[in-house]
Amino acid sequence: QVQLVESGGGLVQAGDSLRLSCAASGHIFSRYFMGWFRQAPGKEREFVAAINWRSGSPYYADSVKGRFTISRDNAKNTVFLQMNNLKPEDTAIYYCALRRGSVHSTRNYDYDYWGQGTQVTVSS
């Protein structure tokens, strides 16, 4: 079993920055991805970013490319999402997720484990 715990959400103004963290514990796989998804009220959960844990290769949704950066700390089994130049449309609950295997996916149903989510609110 894997446990994922997010932290770092909050209320900020447009143009501000936030850094989300997600600590993983429990069974650690040899090949997996850690991803961030978000869900705004009344909308479907959408892919934000992911990182191949073994290679460190990042993947981003077009809507956040150039503003968000995903990174990892292998020793602490923690993934980060640095969010810069935040916009009101970034307001959502942000979820950390883990996908076993070596193939990247942006589909939420391809991810096996989920955190509880952390709220990010960006005011204009």
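Computed from a predicted model, the values in this text were never measured in an experiment. Heavy-atom basis, side chains included; hydrogens, waters and symmetry copies ignored.
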**Asked** For Gln119, does the CD atom have more than 12 heavy-atom neighbours from other residues, nucleotides or ligands under 6.0 Å away?
**Response** yes
Verify same cluster id: [X], [Y] (apolar side-chain graph, 4.5 Å):
| X | Y | answer |
| --- | --- | --- |
| Val2 | Trp36 | yes |
| Ile70 | Tyr111 | no |
| Phe80 | Phe33 | no |
| Val120 | Phe47 | no |
| Tyr95 | Phe68 | no |

I need the [X] [atom1] to [Y] [atom2] distance, nearest 0.5 Å.
| X | Y | atom1 | atom2 | result |
| --- | --- | --- | --- | --- |
| Ser25 | Lys76 | OG | NZ | 15.0 Å |
| Lys87 | Ser124 | NZ | OG | 13.5 Å |
| Ser17 | Asn85 | OG | CG | 7.5 Å |
| Thr118 | Leu81 | OG1 | CG | 11.0 Å |
| Thr121 | Ile93 | OG1 | CD1 | 9.0 Å |
| Arg72 | Cys22 | CZ | SG | 14.5 Å |

Do Met83 and Leu20 touch side chain to side chain, with heavy atoms closer than 4.5 Å?
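They are in contact (side-chain heavy atoms under 4.5 Å apart), so the answer is yes.
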Side chains of Asn108 and Gln39: closer than 4.5 Å at any heavy-atom pair? no
Test your reading of the model: is there a side-chain donor-acceptor pair from Glu6 to the backbone of Cys96, 3.5 Å cut-off?
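Indeed, once roles are kept as given, a pair shorter than 3.5 Å links the two residues.
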Exercise. Charged N to carboxylate O under 4.0 angstrom, Lys65 versus Asp62?
Worked result: yes
Heavy-atom pair of closest approach, residues [X] and [Y]:
| X | Y | result |
| --- | --- | --- |
| Val48 | Tyr94 | CG2-CE2, 4.3 Å |
| Ser105 | Asp110 | OG-OD2, 2.5 Å |
| Ala92 | Arg38 | CB-CB, 3.8 Å |
| Met34 | Ala24 | CE-CB, 4.4 Å |
| Ala14 | Pro88 | CB-CD, 4.1 Å |
| Leu98 | Leu4 | N-CD1, 3.8 Å |

Does NZ or CZ of Arg45 lie under 6.0 Å from the centre of the six-membered ring of Phe37, at an angle within 45° of the ring axis?
-> no
Tyr32 and Arg100: side-chain donor and acceptor closer than 3.5 Å?
no
